[in-house]
Amino acid sequence: ELIEWGVTKKKANLILNVDGAIAAAFVDMLRSCGAFTREQADELIEWGCLNGLFVLGRSIGFVGHFIDQKRLKQPLYRHPWEDISYIRSLDRDDAA
């Protein structure tokens, strides 16, 4: 109920993605495991200590994709550079 209240506090129909669900579960475990006081748990959360879990998960996913592409003898997918580049070269006329 507390998670539902926190999620719907700003918007009644807010949908949690997997990262939000994992974050809620870890905050709940951190606060209720008995290893930390409520103040200590809140301090760890404020410091961003749980952010490492998301980086770890993304890294493991990337390594999994890399291994799978090697197994399939395919290169890693590269999105076309022109679709993602926000930098354009300036012509002499543009610089003036």
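Given the structure is predicted, the values throughout are model-derived calculations rather than measurements.
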Residue pair Q40 / T37: nearest heavy atoms and the distance that separates them: OE1-N, 2.8 Å
Within 6.0 angstrom of Q74 CD, more than 12 heavy atoms from elsewhere: yes
Interatomic spacing from CG in L44 to CD in E39 - rounded to 0.5 Å: 12.0 Å
Interatomic spacing from CG in L72 to CD1 in I67 - rounded to 0.5 Å: 12.0 Å
Within one Ile-Leu-Val-Met-Phe-Trp-Tyr cluster: W47 and F26, side-chain cutoff 4.5 Å: yes
With a 4.5 Å limit on heavy-atom distance, are the side chains of [X] and [Y] in contact?
| X | Y | result |
| --- | --- | --- |
| F54 | I22 | yes |
| I45 | R31 | yes |
| F62 | R58 | no |

